[in-house]
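These notes concern the structure reproduced below.
For the numbers below, each heavy atom of this structure counts, side chains included, while hydrogens, waters and symmetry mates do not. Order of the sequence lines fixes the chain letters, A, B, ..., with proteins taken first and strands second; residue numbering starts at 1 for each chain.
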Number of protein chains: 2
Amino acid sequence: MPVTIRDVARASGVHVSTVSRAFSAPHLVNPDTRSRVLAVAEGLGYRPNRAARALTTGRTHNFGIIVADIANPFFPPLIKAAQAHARSRDYNVFVADTDEDPQVEEEVIQTLSKQVDGVLLCSPRLTNKAIERLREEVPFVVVNRRIRGMPTVLMDVGQGASLAVRHLTELGHRRIALVSGPAGSWTSKAMHEAVATAGADAVFLGPNAPTEQGGITAAADVIASRVTGVLAYNDLVAIGLIEGLSERGVRVPEDVSVIGVDDIVAGRLNRPKLTTVSMPAAAAGRVAVDMLLQAVDDVAAATVTTLETSLVVRESTGRART
Amino acid sequence: MPVTIRDVARASGVHVSTVSRAFSAPHLVNPDTRSRVLAVAEGLGYRPNRAARALTTGRTHNFGIIVADIANPFFPPLIKAAQAHARSRDYNVFVADTDEDPQVEEEVIQTLSKQVDGVLLCSPRLTNKAIERLREEVPFVVVNRRIRGMPTVLMDVGQGASLAVRHLTELGHRRIALVSGPAGSWTSKAMHEAVATAGADAVFLGPNAPTEQGGITAAADVIASRVTGVLAYNDLVAIGLIEGLSERGVRVPEDVSVIGVDDIVAGRLNRPKLTTVSMPAAAAGRVAVDMLLQAVDDVAAATVTTLETSLVVRESTGRART
DNA sequence: GTGAAAGCGCTAACAG
DNA sequence: CTGTTAGCGCTTTCAC
């Protein structure tokens with residue numbers, strides 16, 4: 001049987017409330033009593049039951065992180081950073097994978113709602129309306145999607161796309177393509193806009209599946225469009241594209257330069273090493289947790305934090321053929 | 001203010017215990033009353049508070065998954081499968097990343113212990129002794145490490161290593177190397193043993209860091225050892241090794257064949273595509289959850305489940321030079 | 001500075 | 001079948 005506060009109280013000859021205070025309100029208890037209680041607790045191997053504490057305090061000291069797909073290499077670094085940061089603030093985290101299914105997302109939020117003080121919603125698939133509604137049940141911080149009036153952490157893909165286009169034009173590329181992602185995607189839209197206003201001669205290819213296969217498939221269109229520089233929706237698409245091009249005898253970067261987005265591990269390991277727009281995923285995780293912590297106390301806050309992206313130049317880009 | 005069981009009781013004109021039963025013991029309540037209560041609950045947006053329920057039932061309906069490093073591409077598929085399976089059994093999961101630190105591992109287990117019914121310990125870094133001790137506080141299932149008397153899920157790397165060696169000898173390789181991992185690693189030991197008994201002329205190179213850099217560094221030794229076939233500790237090492245070899249003008253698979261272990265995404269994307277021992281990570285996640293579910297009810301069980309691995313032949317292996 | 005008592009949301013005997 | 005009554009482990013007034 002697990003040891004409770006009552007066992008500690010008995011063993012140290014004080015009342016339970018004193019034990020409780022020894023842990024959660026040290027200044028209200030005599031230093032001597034406190035250290036004695038703590039010693040006894042230690043000896044008994046006492047661990048406060050956080051769930052029971054939550055019942056009276058209203059603070060669970062838990063967060064939820066909800067992602068569309070844990071296996072998507074973009075998320076683990078974000079989760080890792082968020083979890084570590086939460087831990088440093090004495091919070092534990094639930095992680096739930098919705099498998100890209102809005103319905104599952106909603107259910108997960110609901111089962112979690114009473115067990116957490118807040119939820120990190122990463123790239124949610126739910127409608128804005130649904131999210132607004134669920135917000136009544138539990139505080140959110142949204143990552144990677146813009147929803148009016150909600151605390152949000154954004155990674156500035158638009159700015160990243162501009163960086164990428166600038167890099168290509170500096171290398172002498174005159175005609176470039178954006179190999180975009182799924183139809184409704186917020187990210188696709190932001191990239192499209194950035195590329196369109198970057199002042200290059202741009203063609204837009206898509207929609208494509210946000211996967212390696214999507215990239216492979218897009219290779220034919222890229223060749224047909226006779227561009228020399230490409231910005232892909234993400235690294236997976238970029239890697240697939242490079243593969244598709246190479247199958248058709250087009251070399252990267254000698255014939256065509258390719259830039260990805262995300263900076264996943266695989267891109268660094270791939271040949272040629274992928275030039276990519278690096279997303280500050282770890283920073284996003286930390287910031288999101290900070291905002292959540294804040295949202296928990298201060299319902300009013302609804303900030304938007306936009307994190308800068310950066311371009312990592314590796315081997316998949318080079319001077320344009322002349 | 002969140003809606004509680006009491007609000008539902010009041011609104012539907014029954015006692016709280018009836019509402020409680022309507023949810024957790026349907027057969028004990030009149031069908032009509034039940035459906036009325038459920039309707040009212042639905043209307044009010046009532047969600048049972050699982051933490052409060054846990055206080056009386058002793059079942060939290062939560063699991064913990066503790067991993068050394070979420071960002072290690074080996075874990076996400078395991079976590080994803082475990083989480084999905086747990087969800088299907090109406091369990092939520094905490095995920096904690098220990099950053100390879102035994103001390104953190106212990107702390108995490110302790111803060112989680114009262115909030116979960118059991119913990120999945122993946123590739124733990126703690127000593128056997130420490131784990132035995134913590135076992136008093138919460139049931140474990142250990143994944144990827146053999147600990148006597150504990151429910152364990154193993155992926156048979158030894159058998160995978162045998163498969164790999166057989167594949168190499170079938171391709172005509174006479175002299176092969178095992179580029180092993182960190183010194184104390186259980187996996188390294190199992191691979192070593194399997195390779196040693198596989199009946200080939202084998203050389204053992206290591207220890208090495210279990211990373212791409214470890215592989216790059218090992219390239220010189222591999223060349224010096226004049227082998228034509230290599231089994232690497234894992235895919236990261238294999239990919240690094242291929243890179244290191246190529247920097248030194250040794251081509252894969254033309255000059256040397258390389259096999260990895262894990263079947264991470266990056267290996268499939270890499271050039272040449274990596275031949276590798278595929279670990280049944282998703283299956284391991286599911287099985288582990290099943291065992292945990294069982295361990296929660298039946299303290300006695302201490303089964304070991306060993307999952308078969310398989311060899312995925314891609315492009316990094318070929319016939320030996322003659 | 002410490003004890004007593006009430007109560008968080010819920011379930012589990014026990015009556016009726 | 002449903003209401004009553006205890007409590008789960010902990011915190012928090014309120015007294016002393």
What does [X] touch in the nucleic acid at a heavy-atom separation under 4.0 angstrom: a base, only the sugar-phosphate, or nothing?
X: Thr57(A); value: sugar-phosphate
X: Val14(A); value: sugar-phosphate
X: Tyr46(A); value: sugar-phosphate
X: Ser20(A); value: base
X: Arg21(A); value: base

To the nearest Å, how far apart are [X] [atom1] and [N] [atom2]?
X: Arg53(B); N: dG7(D); atom1: CZ; atom2: C1'; result: 17 Å
X: Phe23(B); N: dG9(C); atom1: CZ; atom2: C1'; result: 13 Å
X: Asp32(B); N: dC1(D); atom1: CG; atom2: P; result: 10 Å
X: Arg59(B); N: dA12(C); atom1: CZ; atom2: P; result: 11 Å
X: His15(B); N: dT11(C); atom1: NE2; atom2: P; result: 13 Å
X: Ile5(A); N: dG3(C); atom1: CD1; atom2: P; result: 12 Å
X: His27(A); N: dT2(C); atom1: NE2; atom2: C1'; result: 14 Å

## Note on the structure
In Glu100(A), Glu105(A), Glu106(A), the residue satisfying side-chain hydrogen bond (donor to acceptor under 3.5 Å, both in side chains) with Arg125(A) is Glu100(A)
### Query
Quick one: which of Asn62(A), Thr60(A), Asp90(A) gives a side-chain hydrogen bond (donor to acceptor under 3.5 Å, both in side chains) with Arg50(A)?
Asp90(A)
### Query
Closer than 4.0 Å, any side-chain N/O of Arg6(B) to the OP1 or OP2 of dC8(C)?
yes
### Query
Looking at Ser24(B), does any N or O in its side chain come under 4.0 Å of the phosphate oxygens OP1/OP2 on dT11(C)?
yes
#### Entry: Under 3.5 Å: donor-acceptor pair, side chain of Asp101(A), backbone of Thr98(A)
no
#### Entry: Selection from dG3(D), dT2(C), dG9(C) that lies nearest to any side-chain heavy atom of Thr33(A)
dT2(C)
### Message
As a test of understanding, state which of Ile147(A), Ile109(A), Leu121(A) forms a side-chain contact (heavy atoms from CB on, under 4.5 Å) with Leu126(A).
### Response
Ile109(A)
### Query
If each of Ser17(B) and Leu55(B) is mapped to the nucleotide of DNA chain C with the nearest heavy atom, which maps nearer the 5' terminus, i.e. the 5' end?
Leu55(B)
